[in-house]
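Bear in mind that the values here come from a model prediction, so they are computed numbers and not experimental data.
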Amino acid sequence: MAIQAVRGMKDVFAPEVRKWQFIETAAREVFAAFGFQEIRVPALEKTELFARSIGEATDIVEKEMYTFADRSGESLTLRPEATAGVLRAYIEHKLYASPGPHKLYTIGPMFRHERPQKGRLRQFHQLDVEVLDDQGPQTDAELMVMLAHLLGRLGLAKVTLMLNSLGCPDCRPAFREALIAFLAGKREMLCEDCRRRLSTNPLRVLDCKSEGCKKAVEGAPKILDHICEGCRDHFRGVQSFLSLANVSFQINPWLVRGLDYYVRTTFEAVTGDLGAQNAVAGGGRYDGLVEQLGGPAQGGIGFGAGLERLALLIEDKPEWQDGPGLFFAATGDQPRALAFLMAQKLRQAGYWTEMTSEDKSLKAQLRKANKDGARLVVFLGDEELQKDKAQVKSMADGHQVEIEMGGLGHFFMNFDQAQADAGMEDTLWEAFFDSLRPLMRS
RNA sequence: GUGGCUGUAGCUCAGCUGGUUAGAGCGCCAGGUUGUGGCCCUGGAGGCCGUGGGUUCAAAUCCCAUCAGCCACCCCA
């Protein structure tokens with residue numbers, strides 16, 4: 001039996017790849033306009049990096065990582081998210097030494113060992129954006145504005161921006177206590193996971209989708225009522241900058257997210273068009289994380305957007321289906337050789353040019369040209385060489401005109417191998433191109 | 001990690017109360033006379049019926065396992 005791809009890992013072919021390129025191009029342009037620099041970091045990191053950044057008690061670290069010992073026995077992990085690796089690189093190369101803020105982005109594969117389904121792969125790809133050495137609410141807003149620009153460029157109107165604040169190390173513990181106290185009385189209503197979360201990560205109970213937990217959470221204290229003055233100001237600032245930029249958002253006090261390092265702002269771009277999955281992008285602020293990973297005490301914020309999920313939401317565009325501009329239909333050895341030479345010249349000049357690799361019937365060559373979506377077909381046969389004129393047909397309307405080959409035909413009939421290295425006269429090619437150019441433009 | 005559904009030609013699928021050479025549509029290739037595509041007509045190629053095992057005189061069809069996909073839970077991008 002032939003070998004199959006690893007579960008949850010997909011091959012991506014031509015039409016889909018064009019969609020990815022469209023997304024990546026849009027992203028690069030939007031990010032560049034906001035002053036972001038691309039960086040490329042490894043997909044493989046020491047396991048400890050993720051354990052220390054994402055959090056030991058998170059689902060990702062507990063059960064979703066591709067972790068293994070390499071040949072020297074060191075524990076390595078395929079990155080489940082991008083932030084940790086970017087921060088590691090930032091700290092390792094002391095990028096923090098130059099004045100901030102540092103705006104970075106990276107695009108690449110992430111790995112999580114989950115059960116695959118629609119919009120959920122074991123290897124998936126993210127556009128990941130980070131701003132380091134910055135604490136102000138303006139930056140939080142700016143990141144979301146940038147995300148909105150990108151979604152706009154991609155034509156995704158049915159995406160909602162959800163926003164929340166998780167407080168900071170100063171105010172969250174008090175809220176945490178209040179929440180635990182509240183939930184303690186409703187312990188029997190909670191699902192098994194949430195009973196465990198009660199001690200490990202009680203905020204996550206707020207985000208649980210199980211019926212009992214949703215009910216238990218009704219009337220629970222809200223983080224937004226408990227955050228400190230500093231966090232409150234920050235959150236207000238974020239909102240006012242968003243409003244200033246006319247980016248609409250929805251405050252969702254239950255938006256908690258699965259990574260431990262978030263403080264203050266968290267946000268998620270959600271849609272109803274992805275089956276059970278709803279997030280196309282998500283992120284938040286992580287002041288303190290850089291320090292925790294061995295760098296200076298600098299603030300930071302970032303988000304990741306799922307390439308596959310974005311692609312699922314985007315419709316194919318006809319212009320992605322382009323065919324060659326020129327197609328040579330040549331019959332006979334000499335005309336075929338000339339067509340071969342012409343095709344190389346045209347390709348060198350940047351024109352997508354095709355011909356069949358075998359001497360098939362004219363009809364078959366035309367069929368191929370049609371299937372490829374060629375715009376113009378150039379007929380070359382012995383007769384054309386004799387007359388030094390080629391027939392050029394527009395495939396869209398069937399119109400056919402005769403063009404001068406500017407001596408190419410005659411030259412080529414007297415062309416022998418001894419002269420091949422000398423090349424053909426540039427002026428002959430110029431003349432031929434001059435005949436062809438107006439047709440290629442129309 | 002849990003549960004449900006599915007796996008037959010390149011693609012979408014039919015066939016599955018077990019029984020002659022496994023079908024269709026689309027796609028592909030070739031022809032419909034002299035050097036011209038699309039539409040139409042004709043012909044052709046192409047299938048370890050996901051894989052392995054079992055039941056049976058006989059398995060695409062029934063049973064088990066396994067792999068993969070889809071859907072949901074969970075989680076998130």
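The side chain of A:Lys363 contributes no N or O atom lying less than 4.0 Å from OP1 or OP2 of B:G38. Phosphate contact (OP1/OP2 of B:C28, side-chain N/O of A:Arg367, threshold under 4.0 Å): absent.
Counting heavy atoms from C-beta on, the side chains of A:Val378 and A:Met355 never come closer than 4.5 Å.
Not one N or O on the side chain of A:Gln292 forms a donor-acceptor pair closer than 3.5 Å with the backbone of A:Ser53.
Tested against A:Arg285, the residues A:Leu166, A:Val131, A:Thr266, A:Thr139 include a single side chain to side chain contact (heavy atoms under 4.5 Å, CB included) partner, A:Thr139. For the side chain to side chain contact (heavy atoms under 4.5 Å, CB included) with A:Arg112, the qualifying choice from A:Met65, A:Glu81, A:Arg122, A:Arg79 is A:Glu81, the only one to do so.
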Output field dot_bracket for RNA chain B (Watson-Crick or G-U, both distances under 3.5 Å, | for other-strand pairs) contains (((((((..((((.....[...)))).(((((.......))))).....(((((..]....))))))))))))....
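The base of B:U36 is paired with the side chain of A:Gln400 by a donor and an acceptor separated by under 3.5 Å. Counting distance only, with no hydrogens placed and no angle test, the side-chain atoms of A:Glu384 and the base atoms of B:G35 include a donor-acceptor pair under 3.5 Å.
Nucleic acid contact class of A:Arg309 (heavy atoms, under 4.0 Å, all strands): base. Residue-level contact check: A:Ala276 touches the bases, meaning some heavy atom is under 4.0 Å from a base atom. Looking at heavy-atom distances under 4.0 Å, A:Lys393 makes contact with a base. In this structure, A:Glu64 reaches the sugar-phosphate backbone alone: every heavy-atom distance under 4.0 Å involves primed, P, OP1 or OP2 atoms, never a base. Residue A:Gly332 is classed as having no contact, given no heavy-atom separation below 4.0 Å to the nucleic acid. Using a 4.0 Å heavy-atom criterion, one finds that A:Leu121 contacts the bases of the nucleic acid, with or without backbone contacts as well. No contact: A:Ala269 has no heavy atom under 4.0 Å from any strand.
Between B:U6 and B:C13, the distance separating the two C1' atoms is 13 Å to the nearest Å. The separation of B:U8 from B:G69, taken at their C1' atoms, amounts to 15 Å, rounded to a whole angstrom. Across B:G19 and B:U61, the matching P atoms stand 10 Å from one another, rounded to whole Å. Comparing B:C62 with B:G7, their P atoms sit 10 Å apart, to the nearest whole Å. B:G25 and B:G46 have their C1' atoms separated by 15 Å, given to the nearest Å. Going from the C1' atom of B:C49 to that of B:G18 covers 14 Å, rounded to whole Å. Remark: the separation of the P atoms in B:A58 and B:C48 is 24 Å, to the nearest Å. The gap from the P atom of B:G32 to that of B:G23 amounts to 29 Å, rounded to the nearest Å.
Side-chain proximity of A:Ala279 to B:A30, B:C74, B:A77: nearest is B:A77. Counting only heavy atoms from C-beta on, A:Leu366 has its side chain closest to B:U36 among B:G31, B:G35, B:U36.
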Criterion salt bridge (Lys or Arg N to Asp or Glu O under 4.0 Å) on A:Lys103 and A:Glu142, from CA distance to verdict: CA-CA 12 Å; A:Lys103 306 182 193 179; A:Glu142 199 166 278; 3.8 Å; yes
Chi angles and distances behind the salt bridge (Lys or Arg N to Asp or Glu O under 4.0 Å) call for A:Arg336, A:Asp333: CA-CA 5 Å; A:Arg336 173 158 290 274; A:Asp333 290 344; over 6 Å; no
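Ion pairing between a basic and an acidic side chain is recognised when a charged N comes within 4.0 Å of a carboxylate O; A:Glu402 and A:Lys387 show such pairing.
Rounded to an integer number of Å, the gap from CG of A:Leu274 to P of B:A72 is 11 Å. Protein atom CD of A:Glu383 is 12 Å distant from nucleotide atom P of B:U36, rounded to whole Å. Rounded to whole angstrom, the span from the CE atom of A:Met65 across to the P atom of B:C76 amounts to 15 Å. To the nearest angstrom, P of B:C75 lies 18 Å from CD of A:Glu81. In this structure, A:Gln277 atom CD and B:C75 atom C1' are separated by 8 Å, rounded to whole Å. Rounded to an integer number of Å, the gap from CG of A:Asn278 to P of B:A72 is 12 Å. Rounding to whole angstrom units, CD of residue A:Gln391 and C1' of B:G37 are separated by 16 Å. In this structure, CG of A:Leu362 is placed 8 Å from P of B:G35, rounded to the nearest angstrom.
Of the N and O atoms on the side chains of A:Gln344 and A:Arg347, at least one donor lies less than 3.5 Å from an acceptor on the other residue. A:Arg257 and A:Thr58 share no side-chain donor-acceptor pair at under 3.5 Å.
Between A:Ser361 and A:Ala374, the one whose closest nucleotide on RNA chain B sits nearer the 5' end is A:Ser361. Closest-nucleotide positions on RNA chain B for A:Lys360 and A:Ala329 were compared, and the one nearer the 5' end corresponds to A:Lys360.
Aromatic ring orientation, A:Tyr66 versus A:His113: tilted (interplanar angle from 30° to 60°). Using the six-membered ring where Trp is involved, A:Phe303 and A:Phe267 have ring planes that are perpendicular, over 60° apart on the 30 and 60° scheme.
Scanning residues 112-120 of chain A for heavy-atom distances under 4.0 Å to RNA chain B yields A:Arg112, A:Glu114, A:Arg115, A:Gln117, A:Lys118, A:Gly119, A:Arg120.
We find that the ring of A:Phe379 and the base of B:G35 do not stack by the test of centres under 5.5 angstrom and planes tilted less than 30°.
Aromatic pair A:Phe36/A:Tyr105: ring centres not closer than 6.0 Å.
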